[in-house]
Amino acid sequence: MKDVAILMGSDSDWERGVKAAAETLKLFGVDWEAKVLSAHRTPKEVQAYVENTGAKIYICCAGMAAHLAGVVAAHTISPVLGVPMPGGMMDGLDALLSTVQMPPGMPVATFGVGKSGAKNAALFAVQILGQNNSGLRADYRQFRIDQRAVVLEKSVKL
Ligand code: RP5
């Protein structure tokens with residue numbers, strides 16, 4: 001079983017933000033894989049992937065009428081993190097609302113639109129996995145320390 005499966009509705013989502021999630025997971029040495037699967041264009045394959053492959057955490061990235069995270073949530077009891085992708089008529093607001101407005105009883109943890117949201121979803125996955133992995137937890141703590149140092153250093157230069 002993979003620690004994290006990243007699903008994206010289209011390969012066009014990779015540069016729109018998904019890459020940031022993958023790079024972040026790589027940074028922490030998390031066992032992950034990414035697949036292009038669409039709730040609308042490949043519904044049967046989405047179901048088969050979730051049922052047969054399985055993962056501890058799913059990060060689902062989609063744009064426009066973004067139903068991928070909700071559909072994946074319907075087929076698993078693992079946590080599903082939804083990341084709305086920009087593009088479409090409302091440049092991501094459409095995807096944000098499509099992802100976040102889940103009916104009660106079917107949670108999807110929804111993040112910001114695009115690269116920032118994708119990076120944060122990956123960090124959130126690291127936080128979840130870190131609950132049962134002291135090494136990963138320590139790495140995440142160090143990430144926060146380093147990030148703080150970078151911000152403070154920049155403010156000194158202003
Ligand atoms: C969504 O439609 C995808 O997640 C993507 O964000 C958007 C456009 O897809 P393409 O037309 O670029 O394949 O399902």
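Atoms within each ligand, like the ligands themselves, are counted from 1 in listed order.
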Do Met85 and Leu81 sit in one hydrophobic cluster, given that two such residues count as connected whenever their side-chain heavy atoms are within less than 4.5 Å of each other, even indirectly? yes
Applying a strict 4.0 Å limit to heavy atoms, is Met8 in contact with ligand 1? no
Check the angle between the aromatic planes of Tyr49 and Tyr58 and answer parallel, tilted or perpendicular using the 30° and 60° thresholds. perpendicular
Nearest to atom 3 (C) of ligand 1, what protein heavy atom do you find, and at what distance? Asp13 OD2, 3.4 Å
Answer with side chain, backbone, both or neither: which part of Arg41 has a heavy atom less than 4.0 angstrom from an atom of ligand 1? side chain
Let me check something: do Leu96 and Phe124 share a hydrophobic cluster, defined by ILVMFWY side-chain heavy atoms less than 4.5 Å apart, either directly or through other members? no
Are Leu25 and Ile6 side-chain neighbours, meaning at least one heavy-atom pair lies under 4.5 Å? yes
Nearest-contact summary for atom 13 (O) of ligand 1 - protein heavy atom, Å: Ser10 OG, 2.7 Å
Does any N/O atom on Ser38 come nearer than 3.5 Å to any N/O atom on ligand 1? no
Flag Gly63 as yes when one of its N or O atoms lies below 3.5 Å from any N or O atom of ligand 1, and as no otherwise. yes
Can you name the closest pair of heavy atoms from Asp11 and Val36 and give their distance? N-CG1, 3.8 Å
Heavy-atom check, side chain of Lys56 versus side chain of Leu129, under 4.5 Å: yes
With heavy-atom distances below 4.5 Å as the criterion, would you say the side chains of Trp32 and Lys2 are in contact? no
Select one of side chain, backbone, both or neither to describe which atoms of His40 lie under 4.0 Å from any atom of ligand 1, heavy atoms only. neither
Among non-hydrogen protein atoms, atom 2 (O) of ligand 1 lies closest to Met64 SD, 3.8 Å
Close-contact set for ligand 1 against Ser12 heavy atoms, below 4.0 Å: 9 (O), 10 (P), 12 (O)
Specify side chain, backbone, both or neither for Ala62, according to which of its non-hydrogen atoms lie closer than 4.0 Å to ligand 1. both
